[in-house]
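Since the structure comes first, as structure tokens, the remarks are kept for the end.
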Amino acid sequence: MPELPEVETIRRTLAEHVSGRTIKAVELYWPDAVVSWGNLGFTEIVSGRMIEGLGRRGKYLLFGLSGGWTLVAHMRMTGRLLYYKQAELPAKHTHVLFRLDQGELHFNDVRKFGRLVAVPTSEHLLLPSLAKLGPEPLESVFTPEVFSQRLGTQKRPIKSALLDQEVVAGLGNIYADEALFLAHVNPWRPGHSLNEREIQALHGAIVKVLRAGIAAQGTSFRDYRDANGEKGAFQEQLYVYGRAGKPCRDCGRPLEKGRLGGRTTVFCPRCQH
DNA sequence: CCTTATGCCTGAATGC
DNA sequence: TGCATTCAGGCATAAG
């Protein structure tokens, strides 16, 4: 599931192919995959525009288009953005196909949760989902002080706060579990119960695990692929996610699995307090 | 305001 | 083997 490191990897692998390219035509195989703006059609908005650059905010990928338009993409669970140098027939779950002046860009999504949204650049940060996003964890705005302030007096489990994109942008189930393990913090602890030392440790763990995820080009636990269709390698370095019942890499005791806020949570009962 | 539940989706894994 | 059920989970929205 593309979280910050996966979206960043898609951004990097895609940018080298599509920056400066012009969208010549759009083919919609499942129209619900795209969201348009006002009365304008998605295809008429983006057709003929050049992709000037690719940005990212949290788990959102931002295509800067010529003429003041932005294409906001969110992969959700199983979305893929795949670049092909030569013409390629749409695959089974390909919902949108962009024909470029050089090559093609396919949006493919088995689960159909992902969306491509066309919005004027001047207003894209006002989209409800983007407007409320918390700090970028790998930028200087994300300090232990800011993190501490955002956790505030929250009664909910610390993991729920980490998954809340308004607290910090970009964490999903994999990296939240990993960061909590690295910081030796139990996921069910109320946010306000963490002392300063623990908040510092968790802040450091978030930054560390996201950087490591990017360095490994993401986690291909299952569906994730970059823009070239390549898998990431971070699944080989996971400490807890997907490892319930297997021995803790630190203490050897079997990792346990539970449900927290409707999500599977894996943790070490000995290492995480 | 807050917390919890539901809907969106398909395919892999599991149960009988 | 085949069929039904469960699970995976980000996020918007509804309900309590």
Side-chain angles (χ1 to χ4, degrees), chain A residues 1-10 28-36 56-62 72-81 90-96 106-117 119 124 126-134 137 150-180 187-192 206 210 213 218-225 231-232 234-235 238 240-246 255-267:
Chain A
M1 41 240 78
E3 305 177 25
L4 188 151
E6 289 74 36
V7 178
E8 178 61 20
T9 303
I10 292 170
L28 290 179
Y29 296 99
W30 186 62
D32 288 1
V34 302
V35 179
S36 201
R56 181 190 56 75
R57 181 78 172 93
K59 303 177 196 172
Y60 293 85
L61 187 61
L62 309 170
V72 179
H74 200 302
M75 310 295 138
R76 293 285 184 98
M77 310 291 302
T78 54
R80 293 176 179 181
L81 281 166
K92 186 171 183 186
H93 301 291
T94 294
H95 308 312
V96 188
H106 294 209
F107 177 64
N108 181 288
D109 186 4
V110 173
R111 303 277 279 282
K112 294 185 172 177
F113 286 0
R115 292 292 183 271
L116 305 180
V117 182
V119 57
H124 84 279
L126 301 177
L127 289 176
S129 48
L130 281 166
K132 293 180 174 182
L133 282 183
R150 296 219 155 221
L151 290 179
T153 58
Q154 297 198 13
K155 281 182 278 187
R156 61 179 166 170
I158 182 64
K159 182 180 173 183
S160 297
L162 294 188
L163 291 174
D164 183 345
Q165 303 300 297
E166 296 181 31
V167 172
V168 53
L171 291 172
N173 208 32
I174 297 173
Y175 293 95
D177 272 8
E178 293 297 310
L180 287 162
W188 279 268
R189 287 269 302 281
H192 65 71
I206 290 168
L210 292 177
T219 304
S220 291
F221 194 79
R222 191 173 200 137
D223 300 285
Y224 166 71
R225 297 292 185 278
K231 291 184 179 185
F234 199 64
Q235 64 277 6
L238 296 174
V240 286
Y241 182 86
R243 298 193 67 247
K246 292 180 177 166
L255 297 173
E256 290 184 9
K257 179 163 77 171
R259 276 190 96 72
L260 191 162
R263 290 140 205 238
T264 301
T265 299
V266 185
F267 65 105

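Just so it is clear: chains get the letters A, B, ... in the order the sequence lines come, proteins before strands, and each one is counted from 1. Because the structure is a prediction, the values reported are computed rather than measured.
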Let me know the distance between CZ of Arg111(A) and P of dC9(B), rounded to the nearest Å. 12 Å
I need the CZ-P distance between Phe221(A) and dC7(C), as an integer number of Å. 16 Å
With a 4.0 Å cut-off on heavy atoms, is Arg156(A) in touch with a base, just the backbone sugar-phosphate, or nothing at all? nothing
Give, for atom CD1 of Ile206(A) and atom CG of Leu162(A), the distance between the pair rounded to the nearest 0.5 Å. 5.0 Å
Which part of the nucleic acid, if any, lies within reach of Lys92(A) when heavy atoms closer than 4.0 Å are counted: base, sugar-phosphate only, or nothing? sugar-phosphate
Rounded to the Å, how far apart are Met75(A) CE and dA8(C) C1'? 19 Å
For the pair made of CD in Glu166(A) and C1' in dC2(B), what is the distance, rounded to whole Å? 13 Å
We want to know whether Asn108(A) and Lys92(A) form a side-chain donor-acceptor pair, criterion being a heavy-atom distance below 3.5 angstrom. no
Can you build the contact string for nucleotides 10-16 of chain C? Use B for base contact, S for sugar-phosphate-only contact, and - for no protein heavy atom under 4.0 Å. BBS----
Could you verify whether a donor N or O on one side chain and an acceptor N or O on the other, from Glu3(A) and Tyr224(A), lie under 3.5 Å apart? no
Please give, in whole Å, the distance from dC9(B) C1' to Arg80(A) CZ? 16 Å
Distance col, row Arg115(A):CZ vs Phe107(A):CZ, nearest 0.5 angstrom, shows 8.0 Å
Can you name the nearest heavy-atom pair linking Glu166(A) to Lys132(A), along with the distance? CG-O, 3.4 Å
Can you check the His95(A) NE2 to dC9(B) C1' distance for me, whole Å? 9 Å
With nearest nucleotides of DNA chain B determined for Arg222(A) and Asp32(A) from heavy-atom distances, which residue corresponds to the more 5′ nucleotide? Asp32(A)
How are the rings of Phe234(A) and Tyr175(A) set to each other: parallel, tilted or perpendicular (split at 30° and 60°)? parallel
At under 4.0 Å between heavy atoms, what does Arg259(A) touch on the DNA or RNA strands: base, sugar-phosphate, or nothing? sugar-phosphate
Once you apply a heavy-atom cut-off of 4.0 Å, does Thr78(A) come out as touching a base, just sugar-phosphate, or nothing? nothing
Atom CG of Asp109(A) to atom P of dG9(C): distance rounded to whole Å? 16 Å
I'd like to know if Arg156(A) pairs up with Asp164(A) as an ion pair, taking the criterion as any Lys NZ or Arg NE/NH1/NH2 lying under 4.0 Å from an Asp or Glu carboxylate oxygen. yes
